[in-house]
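A short worksheet on the structure shown next.
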Amino acid sequence: MTEAYDLVVVGAGPAGLAGAGAAGQLGLRVALLDMAERIGGQFYRQPAAALGATRPQALHHDWDAFVALRGRLAAGRVEHLGRHHVWAVERDGDGGGPGERPGDRRGDGEWVVHAVVGEDAGEGGEGGGEGRRAVRVRARAVLLATGAYERQLPFPGWTLPGVVGAGGAQAMLKGGLVLPGKRVVVAGSGPLLLAVASSLASAGVEVPAVIEASGYLGYARHPRALAANPRKLAEGLTHGAALLRHRIPLRTRSAVTEAYGSERVEAVTVSRLDARWRPVPGSGRRIACDALAVGHGLVPGIELATTLGCATRSTADNTLALRLSSTQETSVRGIWAAGEVGGVAGAQLACAEGELAALAIAARLAKPGPYAGPDPRQRPGPNPGRPARVRQLLSRRARLRAFAEAMAAAHAPGPGWTDWLSDDTEVCRCEEVAAGRIRAAVTDEGARDARTVKLFTRAGMGWCQGRMCGAAVSCLAGDGQPPAQRRPLAVPVTLGALAAEGPGCGQEPSRSQT
């Protein structure tokens, strides 16, 4: 058990950095936990120090914003704890476990954040393995800034070597200075595709085409959101100019419906789509390539929050995000959230929400009550909320959130995409469950939702716990979106790490620990 903090921030991406930095400058003692060794999250991912990259900023746009976040972090009372894989959060000594919404019952108190530490804390190692130890961090408040992961819609051949996520291709370049191939088709849906294509092309990759399943005319239905966010339009024009400069064609209302190859992908079939995302018969065209970067938007990473019982909402692109108050607090008192967990919207909004949450947390903790820091005289001042700054952040959040909703609506997957799947197309890669087996569970065995399909077929029971196949299984089952998961382990944890944690710290174990 580590010493106590005022605030634990889970996630060191833009939202987490903004929240931790602002809270630290307001006098709170902050622990910033992240699974990566270096701060930045996926958006500001940087090459490992051993690679000797001299200009990591060349791989990013808006690098100055990251420099400012990093400087603010150093100026406050923030301790960065890297390689911490958080698997659960619970109220300290509440006599219950995750999912009982203790904040509604107990009021203010302390939280315990459970994590395992290591390069890859989910893999092997007896007793957690050397360098994979279990830790618990206590704090009076928790800010969840756990980001998002890619949504994958399967198609025949998507398991071939050389087929990677669109964001994964960008991560390979930013974090490892490696490329997925020499000739890479970029496909899927969402504005991330343009950024990925321009980054790969700038690194010397030949990109024969960008394949967008939606169109861009959907943005025209939201003129106010567009007019209020000129910077977003400028970003789109910058990426569009990069495509023109590298002579990369952009094909809208199209999708990769099959990939071919023996030892790795060698070509893909691109088909035109109708308004419901069904392939138009006879429209297929083959494009040769040695890699495919594909992704259909992002899914908020809300597993920690839903296990605590935090309320969710449906987004315009059929994902689940957290329902948050005007100050970024979840439905569970003492748990705040910022960034993509409240709906995918980008780094600018994540930073605004992180700072807004920090101001609210500092105001809450400034009130009389137990203090987790070493010296009560260091308690935040009487008015850390700074009303003028709060009003500014609320205005910025409303403006950027409106654009995010327009973006989600424009790129929402159509229901007809499942027509891409043949019965032998593998949907759940972990458990090797094909589309035909899932369809049989629905038509022959009476499954009507993703949970029942999971019980009948094991789809979603593997290592990724449905992160890769959840959207596809839900669509095939008729759900439309994956259900909110409420499981005691948010990430894979070894039995050795759990055993090593024990009751510990001279405290009586709670029921959840026994």
- Could you walk me through whether Arg136 and Glu90 pass side-chain contact (heavy atoms from CB on, under 4.5 Å), step by step? CA-CA 11 Å; Arg136 288 178 287 176; Glu90 65 177 345; over 6 Å; no

- Note on the structure: Interatomic distance, CG@Leu322 vs CD1@Ile335, rounded to 0.5 Å, equals 10.5 Å

- Sort and list the pairs that fulfil ring-ring contact (aromatic ring centres under 6.0 Å, His included) and have at least one residue in residues 295-327, not counting sequence neighbours. His296-Trp420

- Message: To check you understand the geometry: which heavy-atom pair defines the closest contact between Cys428 and Gly460, and what is its length?
- Response: SG-N, 3.4 Å

- Message: Taking the basic N atoms (NZ, or NE/NH1/NH2) and the acidic carboxylate oxygens, is any pair closer than 4.0 Å for Glu405 and Arg313?
- Response: yes

- Just do the side-chain contact (heavy atoms from CB on, under 4.5 Å) check on Leu476 and Val442 with the steps written out, would you? CA-CA 8 Å; Leu476 289 168; Val442 173; 5.8 Å; no

- Residues in side-chain contact (heavy atoms from CB on, under 4.5 Å) with Ala347, at least two apart? Pro14, Phe43

- For Asp34, salt bridge (charged side-chain N to carboxylate O under 4.0 Å, His left out) partners two or more places apart: none

- Message: Distance alone, cut at 3.5 Å: any donor-acceptor contact between the side chains of Glu235 and Gln348?
- Response: yes

Show me the side-chain donor-acceptor pairs of residues 351-360 shorter than 3.5 Å, one per line, residues at least two apart or across chains.
from	atom 1	to	atom 2	distance (Å)
Glu353	OE1	Gly339	N	2.9
Glu353	OE2	Arg401	NH2	2.9
Glu355	OE1	Arg389	NH2	2.8
Glu355	OE2	Arg389	NE	2.8
Glu355	OE2	Arg389	NH2	3.3

- Item | Residues Leu324, Thr330; criterion side-chain contact (heavy atoms from CB on, under 4.5 Å); working and verdict | CA-CA 5 Å; Leu324 303 173; Thr330 70; 3.8 Å; yes

- Minimum heavy-atom distance between Val164 and Ala169, given as atom pair plus value: CG2-CB, 4.0 Å

- Message: To check you understand the geometry: which heavy-atom pair defines the closest contact between Gly295 and Leu193, and what is its length?
- Response: O-CD2, 3.9 Å

- Message: Going by the rule side-chain contact (heavy atoms from CB on, under 4.5 Å), which residues pair with Ala409 if we only count those two or more places apart in sequence or in a different chain?
- Response: His222, Ala316

- Got a sec, which residues hit side-chain hydrogen bond (donor to acceptor under 3.5 Å, both in side chains) with His80, two or more places apart in sequence or on another chain? none

- Task: State, to 0.1 Å, how close Asp449 and Ala477 come at their nearest heavy-atom pair, and which atoms those are.
- Result: C-CB, 3.7 Å

- Message: Can you list everything that forms a side-chain contact (heavy atoms from CB on, under 4.5 Å) with Leu226? Sequence neighbours excluded, please.
- Response: Tyr219, Leu233, Phe403

- Please report the shortest heavy-atom distance between Ala472 and Val427, naming the atom on each side. CB-CG1, 3.7 Å

- Message: I'd like to know if the side chain of Gln46 and the backbone of Ile39 have a donor-acceptor N/O pair within less than 3.5 Å.
- Response: yes

- Determine yes or no for a side-chain-to-main-chain donor-acceptor pair under 3.5 angstrom, with Thr312 supplying the side chain and Leu320 the backbone. no

- Query: Is there side-chain contact between Glu212 and His411, with at least one heavy-atom pair below 4.5 Å?
  - Reply: yes

- Message: Which heavy atom of Gln152 sits nearest to which heavy atom of Pro154, and what is that distance?
- Response: O-CD, 3.7 Å

- Message: When you compare the side chain of Arg364 with that of Glu329, does any pair of heavy atoms fall below 4.5 Å?
- Response: yes

- Query: Under the criterion side chain to side chain donor-acceptor pair (under 3.5 Å), which of Glu110, Glu79, Arg29 is the partner of Tyr5?
  - Reply: Glu79

- Item | N/O donor-acceptor pair under 3.5 Å between Ser189 side chain and Ala213 backbone | no

- Please test Leu400 against Lys232 for side-chain contact (heavy atoms from CB on, under 4.5 Å), starting from the C-alpha separation and ending with a verdict. CA-CA 9 Å; Leu400 291 168; Lys232 291 292 186 181; 4.1 Å; yes

- Around atom CE of Met35, are there more than 12 heavy atoms of other residues, nucleotides or ligands at under 6.0 Å? no

- For Trp111, is the NZ or CZ atom of Arg138 found under 6.0 angstrom from the centre of its six-membered ring and inside 45 degrees of the ring axis? no

- Task: Would you check if the side chain of Glu340 reaches a backbone N or O of Val299 as a donor-acceptor pair within less than 3.5 Å?
- Result: no

- Query: Are side-chain heavy atoms of Val30 and Arg77 found at a separation under 4.5 Å?
  - Reply: no

- Contacts of Arg45 meeting salt bridge (charged side-chain N to carboxylate O under 4.0 Å, His left out) (sequence neighbours excluded), chain-then-number -> none

- Query: Is any side-chain heavy atom of Trp87 closer than 4.5 Å to a side-chain heavy atom of Pro488?
  - Reply: no

- Point-to-point distance, once rounded to the nearest 0.5 Å, from CG of Leu32 to CG of Leu17: 6.0 Å

- Residues that Thr457 engages under side-chain hydrogen bond (donor to acceptor under 3.5 Å, both in side chains), provided they are two or more places apart: none

- Partners passing side-chain contact (heavy atoms from CB on, under 4.5 Å) against Ala490 (at least two apart in sequence or in another chain): Glu303, Leu304

- Query: Donor-acceptor pair, Ser474 side chain versus Gly470 backbone, under 3.5 Å?
  - Reply: yes

- Mind checking salt bridge (charged side-chain N to carboxylate O under 4.0 Å, His left out) for Asp62 and listing every partner two or more places apart, or none if nothing turns up? Arg231

- Task: Please list, chain by chain and in numerical order, all residues satisfying salt bridge (charged side-chain N to carboxylate O under 4.0 Å, His left out) with Glu431, sequence neighbours excluded.
- Result: Arg458

- Item | Gln465 side chain to Gly462 backbone, donor-acceptor under 3.5 Å | yes

